[in-house]
Every structure is written in structure tokens, then in C-alpha cells.
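Working notes, beginning with the structure itself.
Sequence lines set the chain letters: A, B, ... in the order given, protein chains first and strands last, and positions in each chain run from 1. Bear in mind the structure is a predicted one, so any value in this text is a computation, not a measurement. The figures here come from the full heavy-atom set of this structure, side chains too, leaving out hydrogens, waters and symmetry mates.
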Amino acid sequence: MSSSSNALALQGFLRSDGRKGIRNCIIVAYLVECAHHVAREIVDAFRGQPVHLIGFGGCYPNAYADRMMNTLCTHPNVGGALLLSLGCESFNRHRLAEHIAKTGRPVETVVIQQTGGTRKSIDSGKAWVERALRQIAEVPRVPLHVNELVVGTVCGGSDATSGISANPAVGRAFDILVRQGAVTIFEETGEMIGLENAMSARAITPELGHELKVSVEKAAHYYKQMGHASFAPGNAEGGLTTIEEKSIGAYCKSGDSPISGLIKPGDVPRNGGLYLLDVVPDGEPRFGFPNINDNAEIAELIACGSHVILFTTGRGSVVGSAISPVIKICANPETYERMSDDMDINAGKILRLEASVDEVGDEIYRKVLDVASGTESCSESLGHREFVLTYKSFEPIGPACLPG
Amino acid sequence: METAGKSRKLLRIHRDDNVLIVVAPIRPGDREVFDGQEVVFTQNIAIGHKVAVRDIETGEKIFKCGVPIGSAKQKIPAGSHIHLHNLKSDYLATYTLDKDHVFVK
């Protein structure tokens, strides 16, 4: 396999916690919707440069949103952060700025009410980003090995082809990555319903197996309360009939490796292996659907340290993400022909009998290394940098969840 | 054209499956031979959709990728399209949009 020679060629941006980024971007983060416009105007002035917009729209405090912003602003792909505050929102901007500063990254907070309104805040923010871009250009680049990569996977715009071409192929790529010592993360427990026992049997300890089962039961309960399964009308048009059938699709992205742990948004696995990310809030439903769209899940995978996201789609999603590149794997050959500009990998070849699942899995693995080496994914080169963060609530994971 | 376990348009993913996956659009009048049994199709079936590989009884589990995906709501003859009208989840109701774009169970 070509993997070892490629791996030696990889370089990463070294951060103070020892983690290494495959990108080096400045984050501009609004801390309430009222600061969103100012933040966007600043980012728009740096089109074509690695300046990414993220933010939290709510005015009321939320521990989950705090943790997400903390982990995202100190993600290894992030070199520094500009925080945009209106001034009267509940978000604790001081704590976030301190957390970022402790990692040695440049950080600045612009408080719009104190700075003198929209125009002055935009000017002040732009001037800071210019300086910060020069500063992060000095971040040392060091050799990066495959066992230092964190790769997440998500599916969106699924149809019945997702589960029989792209998703099994991602599973093969995950198997290769795990064998090389990388961290791989799959989700979402709401899409594992009906497969609890099969998944539980793959856990590295019986206690973890129990936790995996409980997390799926939690998801089933949550979705029942919401009155909907994670099943959109487009899924049925594409030939998927039940939540269990859709679950097979999501589940087979995990490949055949043992499951090393159960994590929640913001938990960063330290040892290589396969992890299940539990994205369903704890307790009775309070803030609505677990994740309102695919980008909410992508943001959580990135908050768990993902350098790259493998996004499988059958109907044809076009999204990318702030912070980490999204690699699009198209399951449906007809969709691929219509939307090939947006697709990095054509897994539809499997259905046309032109390639095996293993061959496409190897192609995905090589694409991960290529993107990790700096090549832009399709969504990156098209400028996609979607981001969404909403209210949720979680209890910390229990001691059985990370036996490694 | 048929090879072991695979016709030109139908794919069996797992040996335990009682459904086949459509990998090329099926048109009315199409004939496909699978496991030595010929099926003549009377309707359009899009890729990604499922057809019964054999006669399936009411209440029988439907297997895809070797995993149960629900139960048959009615008798399903070999070669029939399997979807919302004859397969139900054993876990949660499937919601979808009807012709007037209203959510239905």
C-alpha cells in the first residue's frame, strides 16, 4: 500500500497542546446573533484567505455552547480567534478568551457597544485579523503521521444507494485508518436504532457495550418524544422505507473495527481507534431536535478534534464546513453525473459494477491523506464554510465510556 | 448476462437478504432472472429501491445487509417492489410527505 510513503510526506501545524493541524485558519466568532453582521463583514474582507466565520446566536447561556466554542476555537486547524460581542449577551466572552489565550493562540475580543458601533467594530476587527494572519504564518510545520489524524464521518441527503456503496466504502477507509492508529469517529445514535445488539458486541469491554446500547435507547426515547425518527421525505423517495434500513446505512460507515469508546460533543479521544459520538442530548427534550441539520453534526465531530470529515451523500449534499475540510463521497452514480463538481469521490462506481467496495475504500483513504497534505477538497475550493450551533444539554460521559 | 447472485439490474448485498437492490432503473416489461427464477416487472422501479427475492409472508422480517429492517405488512410476491405500502418499521413510524406535501404516517 502507498500509505506509508504518503504519511511521511505529511506536515502539520504544531499547537501548544501537541496536537497538529492540517489547516491554519483564523476564526471570527460572533457570541450572539446581534454581532453576526459585524463578524460577517470582517470575514468577507478576507475572501480567499483562511478566515472562517462561526458563532452562537443565542442570548441565553448554555454550557454545551460554551464547551463547543472552547473546543472549536482551540481546534488544531485553528491558529487564532477574533471574538465579536455585542456587549450585553449572556455568553461568557472573558472565559472563552482566557481559554484561547492559555493555548498561546492570538485572541482578541471586539465589544461592539464599547468600540462605538458597527463601522468602528468592523474596522477594528479587520485590522486585528490582518495582524493575526501574519502572526500565524510563523506557526512551525512539523512531520504529521497518520496516527495523529482524527477523521469523522457523517451522512446527509441519504438515499438507498448511501447504504450500499458510499457508506460501506467509508467503513473500509475507517478500517485502514484504525489499523494505522488514527482516531475515527462515527455517529449518530438516532440512526443506530434497531442495531443496538450488533454494535454492543463490538465494544472493547462489556461495560462499554452496555453504554453503547443505553445511548441508542436514549436516542430512541428522544426521537419518540419528538414524534419523528431521523427520516426525511427525501429518504423515502430514494427507496429507504424504515429507520432500521436507514440505520444500516449509517452503521456500516463504522467499518469492522472494535469500538474503543463512546464520546459526547467536545470530548477529544487521545488514543487511536473507533469511537461512537453520542449527539443526542441527555434528559427530556428541551431544545428540540438533537441536531437541526447535517452541519450541526459536522460541528460536533470537529469539536471532538476531527481534522477531516467524510460526508457520504446519495441525493447530493453540497455543504462543507468552517475549520475542517469536508470530503464528499457520492453514493449514487446518477447524482454524481449531475453534481460531480461537488463530489470528491464517486462511490456510485460500485453500483455500476466498475469498482469494488474495497477499491473505493482505498481511494477514500488516499483522498484523506491528500487533503491532509493541503490539497483542497471540492467543498473547500467552492468556498463552502457552513456552520451552525444551537442549544443542547449533556451530562459528562461515564467512566465505562473510555476504557482505553 | 446473469452471474452468480447478480442480474444486470439487481444486487443482493448479503446472503441472508430476502430483498434485492435495484442498481439500474427497472421499466415495465423488464425480465430479470435471479437464482434461476424469472420475474417480469409491471412498473417502474428506481435505483436504490428494493424488490422481494422470493414470496414473503405477512409479518415476516425483511432482511437487508443481513440485518432486519422491519416486517411485511402483507403477503409480498417474489419480484414485488418493497416500500412504505408493504413494509413497516418494528421501531418507529416512518413519516413522509404525501402528494399534497402534508406529513403522513
Is it the side chain or the backbone of B:I47 that comes within 4.5 Å of chain A heavy atoms, both, or neither?
both
Just checking, any donor-acceptor pair under 3.5 angstrom between side chains of B:K50 and A:T241?
yes
Please check if atom NE2 in B:H85 has more than 12 non-hydrogen atoms from other residues, nucleotides or ligands closer than 6.0 Å.
yes
Bottom line for B:I62: the part with an atom under 4.5 Å from chain A's heavy atoms is neither
Could you tell me whether the side chain of B:P25 reaches within less than 4.5 Å of the side chain of A:E334, counting heavy atoms only?
yes
Taking A:E244 for the side chain and B:D90 for the main chain, is one N or O donor matched with an acceptor at less than 3.5 Å?
yes
Is it the case that over 12 heavy atoms from other parts of the model lie below 6.0 angstrom from the NZ atom of A:K218?
yes
Answer yes or no: does atom CD of B:E38 have more than 12 heavy-atom neighbours from other residues, nucleotides or ligands under 6.0 Å?
yes
Checking heavy atoms, do the side chain of A:L195, its backbone, both or neither come under 4.5 Å from chain B?
side chain
Would a distance-only check, ignoring hydrogens and angles, find a side-chain to backbone donor-acceptor pair under 3.5 Å from A:T242 to B:I69?
yes
Just wondering, are more than 12 heavy atoms of other shown residues or ligands nearer than 6.0 Å to NZ in B:K73?
yes
I would like to know whether A:R352 and B:V23 meet side-chain contact (heavy atoms from CB on, under 4.5 Å); could you show each step before the answer?
CA-CA 7 Å; A:R352 293 265 162 92; B:V23 296; over 6 Å; no
